[in-house]
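Following: one structure in structure tokens, then a few remarks.
Just so it is clear, the model here is predicted, and its values are computed rather than measured. Each ligand, and each atom within it, is numbered from 1 in the order the structure gives. Hydrogens, waters and symmetry mates play no part in the numbers below; they use all other heavy atoms, side chains included.
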Amino acid sequence: MAANLQGRHFLRLLDFSPQEIHDLLRLSATVKANKRAGVRGRTLEGKSIALIFEKPSTRTRCAFTVACIDEGAHPEYLGKGDIQLGKKETVADTARVLGRMFDGIQFRGFAHQTVEGLAQHAGVPVWNGLTDTWHPTQILADVLTVQEEFGRLQGLALAYLGDGRNNMANSLMVGCAKLGMDIRIVAPASLHPDPDLVRQVEEIAAATGGKVLITADIASGVKGAHALYTDVWASMGEETKIAERIATLGPYKVTQKMMEMTGRRDSIFLHCLPAFHNLETEVAQQYPEICEVEDEVFEGAQSRVFDQAENRLHTIKAVMVATLGR
Ligand code: CP
Ligand code: NVA
């Protein structure tokens with residue numbers, strides 16, 4: 001029987017059981033199939049949803065907006081500078097006001113504490129659209145993409161190369177361990193994940209049959225991997241660290257050779273996006289070496305990055321429908 005997630009917040013995958021995550025993936029597949037078949041849902045009809053963004057976003061903002069509209073809800077974008085949150089008004093006060101007017105709240109921003117504060121005080125479901133520490137909705141899209149490719153998740157190996165302490169590394173570790181996967185964080189020692197989180201993830205993996213490897217060694221990290229995953233080297237808010245990260249993470253750039261080092265012909269490439277893979281952006285022109293993946297891989301036959309991006313819509317819709325839908 002599917003778990004009942006009505007009224008729940010969605011802040012971190014640590015708060016969800018493997019079965020609850022599988023249920024969300026099943027619902028994601030259903031709403032995806034419905035969308036493809038042109039079947040519109042009405043599970044959020046009459047609801048109003050606040051979308052708070054302290055940081056920029058393409059995929060997350062658009063996924064929440066389109067998912068709301070697909071299910072009959074009204075999305076209201078509250079961008080940086082539009083509201084008083086944290087500046088002239090406390091998080092608790094803003095949460096209580098928004099909770100009286102809206103049926104659900106999405107937050108993307110800096111401190112994870114802010115989204116926890118909103119959830120504590122709003123009285124309506126709060127969904128985390130990325131904080132400095134976690135990016136849980138992204139992981140649902142990532143594992144859905146892996147599941148679509150291989151037909152299962154248990155035992156599959158995913159190697160993440162890059163900043164091992166950022167929101168993506170943290171969330172992938174937790175999500176993959178909960179789903180019984182073999183998660184490898186491949187990063188220089190200075191960017192290895194928080195040891196307390198690694199211990200927690202190892203305990204989760206012990207219970208699910210998953211595996212966890214934290215290593216600086218690329219060859220052993222990618223060997224046998226079904227998926228290689230990377231992210232930008234400097235996350236939003238870390239712009240002053242770009243030069244330092246280019247120096248530290250240069251060897252961890254995902255290359256075609258690295259894809260071959262997996263030893264698997266069916267391995268896929270994943271990236272949460274946005275990605276630096278050529279020189280066609282303003283930032284890449286300023287820092288030509290800021291390139292976490294070769295263009296050949298990004299554009300190549302093993303890349304699934306745009307399936308992943310599309311899956312943000314279906315998985316975010318599933319989270320809203322499961323926690324708030326009728
Ligand atoms: N992957 C992701 O969260 O993309 P956006 O920053 O564009 O929302
Ligand atoms: N680690 C990246 C993820 C972007 C989706 C960031 O926080 O900027």
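Counting only distance, with no hydrogens or angles, the side chain of R245 and the backbone of V232 share no donor-acceptor pair below 3.5 Å.
Any N or O atom pair closer than 3.5 Å counts here, and P274 shares no such pair with ligand 1. Not one N or O of R108 is nearer than 3.5 Å to an N or O of ligand 2, by distance alone.
Within a 6.0 Å sphere centred on CD of Q256, other residues, nucleotides and ligands contribute more than 12 heavy atoms.
Listed by number with element, the atoms of ligand 2 under 4.0 Å from a non-hydrogen atom of L273 are 5 (C). Close contacts between ligand 2 and N166 involve ligand atoms 1 (N) [criterion: under 4.0 Å to a heavy atom].
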Check your understanding: Can you list the steps and then say if Y229 with V146 is a side-chain contact (heavy atoms from CB on, under 4.5 Å)?
Key -> CA-CA 11 Å; Y229 197 121; V146 173; over 6 Å; no

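Remark: E148 engages K32 in a salt bridge, criterion side-chain N to carboxylate O under 4.0 Å. Under the 4.0 Å criterion applied to side-chain N and carboxylate O atoms, K223 and D217 are not assigned as salt-bridge partners. Note on R40 versus E45: no salt bridge recorded, every NZ/NE/NH1/NH2 to OD/OE distance being 4.0 Å or above.
Among protein heavy atoms, atom 6 (O) of ligand 1 sits closest to R108 NH1, 2.8 Å. From the protein, the heavy atom lying nearest to atom 7 (O) of ligand 1 is T58 N, 2.7 Å. Distance from atom 8 (O) of ligand 2 to its nearest protein heavy atom, with residue and atom name: M236 N, 2.8 Å. Looking only at protein heavy atoms, the nearest one to atom 2 (C) of ligand 1 is R312 NH1, 3.2 Å. The protein atom (non-hydrogen) at minimum distance from atom 3 (C) of ligand 2 is D231 OD2, 3.6 Å. The shortest contact between atom 4 (C) of ligand 2 and any protein heavy atom is with L130 CD1, 3.9 Å.
Annotation: cation-pi geometry satisfied between R8 and F16 (NZ/CZ under 6.0 angstrom from ring centroid, within 45° of ring axis).
For N167, every heavy-atom contact with ligand 2 shorter than 4.0 Å involves the side chain, none the backbone. The residue L130 has no part lying near ligand 1, judged by heavy-atom distances below 4.0 Å.
Contact check for T60 versus H135: side-chain heavy atoms found under the 4.5 Å cut-off. A heavy-atom distance below 4.5 Å is not found between the side chains of V97 and R100.
Contact between K55 and ligand 1 is absent, with no heavy atom of the residue lying under 4.0 Å from the ligand.
Of the candidates R59, M168, H135, it is H135 that places a heavy atom closest to atom 3 (O) of ligand 1.
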